[in-house]
J.: 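Next up is a structure, given as structure tokens.
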Amino acid sequence: MKTRNMLWLLWGVSFAGVAADVLPVASVTRSPAAGTYQADASIQAVTQSVLSAQVQGRVLHLAVRAGDRVKAGQLIARIDDRELGAAEASSQAAIAEAQANLVKAEFDLKRSQALAKQNFVSSSAVEQNDAQVKALRARVEALRAGAGAASASRSHTVVTAPYDGLVAATHLEAGDMAMPGKPIVTVFQPGALRAVAYLPEAQLAAVQVALARNTMPEVEIGGKVVAGVRTTVLPAADPTTRTTEVRIDLPTSAVAAPGQFARARFAVGEAQRLAIPQAAVLKRGELTAAYVKTADGRFQQRQIRVGERLSDGRVEVLAGLKAGESVALDPIKAAIAAASK
């Protein structure tokens, strides 16, 4: 208690000459400012791929982990190929057998053609041998196609990176069973990012007008605001939510990660906003307030709710103040002056 009294005594000495009527104030005014519409957004990589298995088999080796950098063509995973290898070997053996039968059939055809010229065999026998040769040729081609498919399937047991990038997530581990279409890893290129927001029909028209004037939206990521470099409005709306997807390409200098929360701000024309200077705003923990000068010349603390910072440096006031009121530009001195009354 003694320490507190001493502090009040010191404050009284330091600001004894500060009267409420000499403290600088500023008027709460309305001024034209660009109207904005804010929408929740999420960060996406412009180039992102989910690498999935194309064949069935057990994962023998997973060569990457989440966060690893990969080069194009680098091994991602290897799937057991023994069954596919056996199928490929069987196809090759069938091709060898069919080729041997074809060689014998071609020899028989030539011999029957020679004998037919000497009238030792009938023409129907020659035609029969010719048909057999054609059938065996077709079989060889079919078996070769099957062997090519088996070889291609076997090559799918080696999963490689499609481009230079980062591994965002792994979905299987060594020993798991890979199935066609089942994701193995997700990779993305970190250099090109975009923010994706979904706008309701009521705001879409105003946003498109601003975009037609080359007014790019801003994106707030982790407390930092960056300007978009290109905006794409998808031509179709979601019939369930009645919203339209809008993609905002970010500059390469933007620091963000896919999946991160962001807030997109779209220009929607001009509006009159209530604002006060930044210096008049007092923040103490969860409290945001300003000291308002009353009719009798005193200062009264009033809790306010503020919005975004305007282009002229002032702060938008959403609630707590009215146009025409005066606020202290030095809330600390105003608080001391109010306490001394």
Side-chain angles (χ1 to χ4, degrees), residues 40-99 139-198 221-222 232 234 238 240 245 247 249-250 252 254-262:
D40 292 344
S42 58
I43 303 300
Q44 290 183 358
V46 174
T47 303
Q48 178 171 307
S49 305
V50 178
L51 306 184
S52 302
Q54 293 181 267
V55 294
Q56 179 177 342
R58 194 167 300 281
V59 178
L60 298 178
H61 177 55
L62 185 65
V64 296
R65 288 289 181 267
D68 288 352
R69 286 190 174 273
V70 294
K71 297 288 185 180
Q74 179 178 331
L75 176 67
I76 297 293
R78 190 182 299 277
I79 300 172
D80 189 357
D81 65 346
R82 287 177 294 179
E83 291 186 7
L84 295 173
E88 184 180 5
S90 177
S91 298
Q92 295 295 337
I95 291 174
E97 180 184 4
Q99 286 178 328
R139 175 169 172 74
V140 169
E141 293 300 322
L143 290 173
R144 284 176 177 168
S151 178
S153 296
R154 190 178 184 184
S155 68
H156 293 156
T157 60
V158 178
V159 181
T160 59
Y163 44 74
D164 296 354
L166 281 174
V167 178
T170 59
H171 309 290
L172 291 180
E173 296 293 337
D176 290 341
M177 181 62 69
M179 302 292 290
K182 188 175 183 179
I184 298 177
V185 298
T186 300
V187 297
F188 71 94
Q189 286 185 328
L193 300 174
R194 65 189 177 201
V196 178
Y198 295 88
I221 310 168
T232 303
L234 297 194
D238 188 325
T240 303
E245 182 177 335
R247 298 173 178 175
D249 293 347
L250 303 178
T252 54
V255 179
Q260 187 174 350
F261 173 79

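Heads up: numbering here begins at 1 and tracks the sequence.
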J.: Do R65 and E173 sit within salt-bridge range, that is, some charged N less than 4.0 Å from a carboxylate O?
T.: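 So R65 pairs with E173 through a salt bridge.
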J.: Side chains of V46 and F188: does their closest heavy-atom pair fall under 4.5 Å?
T.: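 V46 vs F188: side chains apart.
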J.: I'd like to know whether T47 forms a side chain to side chain contact (heavy atoms under 4.5 Å, CB included) with Y163, so could you lay out the CA-CA distance, the side-chain angles of the two residues, the decisive distance to 0.1 Å, and finally the verdict.
T.: CA-CA 10 Å; T47 303; Y163 44 74; 3.6 Å; yes
J.: Got a salt bridge between R139 and E141, using NZ or NE/NH1/NH2 to carboxylate O under 4.0 Å?
T.: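 No.
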J.: For K71 and A161, which heavy atoms make the closest approach, and how far apart are they?
T.: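 What the structure gives for the nearest pair is O-CB, 3.3 Å.
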J.: Can you check side chain to side chain contact (heavy atoms under 4.5 Å, CB included) on Q74 and V64, steps first, answer last?
T.: CA-CA 10 Å; Q74 179 178 331; V64 296; 4.3 Å; yes
J.: Considering non-hydrogen atoms only, spot the tightest contact between S52 and P183 and give its length.
T.: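 Shortest heavy-atom separation between S52 and P183 comes out as OG-CA, 3.7 Å.
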J.: What I'd like to find out is whether the side chain of R144 reaches to under 4.5 Å of the side chain of Q99, using heavy atoms alone.
T.: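 Yes. Closest side-chain heavy atoms under 4.5 Å.
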J.: Can you tell if the side chain of F261 reaches within under 4.5 Å of the side chain of D40, non-hydrogen atoms only?
T.: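 With C-beta onward as the side chain, the pair touches.
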J.: Could you walk me through whether V158 and L75 satisfy the side chain to side chain contact (heavy atoms under 4.5 Å, CB included) test, starting with their C-alpha distance in whole Å, then the side-chain angles of each, then the deciding distance to 0.1 Å, before giving a yes or no?
T.: CA-CA 7 Å; V158 178; L75 176 67; 3.7 Å; yes
J.: What is the minimum heavy-atom distance between L143 and A94, and which atoms define it?
T.: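 Nearest heavy atoms, L143 then A94: CD1-O, 3.3 Å.
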J.: Taking all non-hydrogen atoms of both residues into account, name the closest pair between A178 and I79 and its distance.
T.: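 Heavy-atom minimum between the residues: CB-CD1, 3.9 Å.
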J.: I'd like to check L51 versus T186 (side-chain heavy atoms, cut-off strictly below 4.5 Å). Are they in contact?
T.: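 In short, these two side chains do not touch, never coming nearer than 4.5 Å.
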J.: Have a look at V70 and tell me which of V185, D164, T160, I76 forms a side-chain contact (heavy atoms from CB on, under 4.5 Å) with it.
T.: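 The single option meeting the side-chain contact (heavy atoms from CB on, under 4.5 Å) with V70 is I76.
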J.: Might you point out which heavy atoms bring L250 and I221 nearest each other, and give the distance in Å?
T.: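 Looking at all heavy atoms of both residues, the shortest contact is CD1-CD1, 3.8 Å.
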J.: In Å, rounded to the nearest 0.5 Å, how long is the span from CD of Q48 to CG of L166?
T.: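 These two atoms lie 11.0 Å from each other.
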J.: For side chain to side chain contact (heavy atoms under 4.5 Å, CB included), just list the numbers for I184 and L62, CA-CA rounded to whole Å, side-chain angles, deciding distance to a tenth of an Å, and then say yes or no.
T.: CA-CA 9 Å; I184 298 177; L62 185 65; 4.1 Å; yes
J.: For the residue pair L193 and A45, what are the closest heavy atoms and their distance?
T.: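 Result for this residue pair: CD2-CA, 3.9 Å.
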J.: So, does Q260 use its side chain to make a donor-acceptor pair with the main chain of A257 at under 3.5 Å?
T.: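 Confirmed, Q260 side chain pairs with A257 backbone.
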J.: Got a donor-acceptor contact below 3.5 angstrom from the R78 side chain to the L60 backbone?
T.: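 Side chain of R78 to backbone of L60, a donor-acceptor pair under 3.5 Å: no, none is there.
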J.: Any side-chain heavy atom of V55 sitting closer than 4.5 Å to one from P180?
T.: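 No, every pair of side-chain atoms sits at 4.5 Å or beyond.
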J.: Just wondering, do S42 and R194 contact through their side chains at under 4.5 Å, heavy atoms?
T.: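 No, too far: nothing below the 4.5 Å cut-off.
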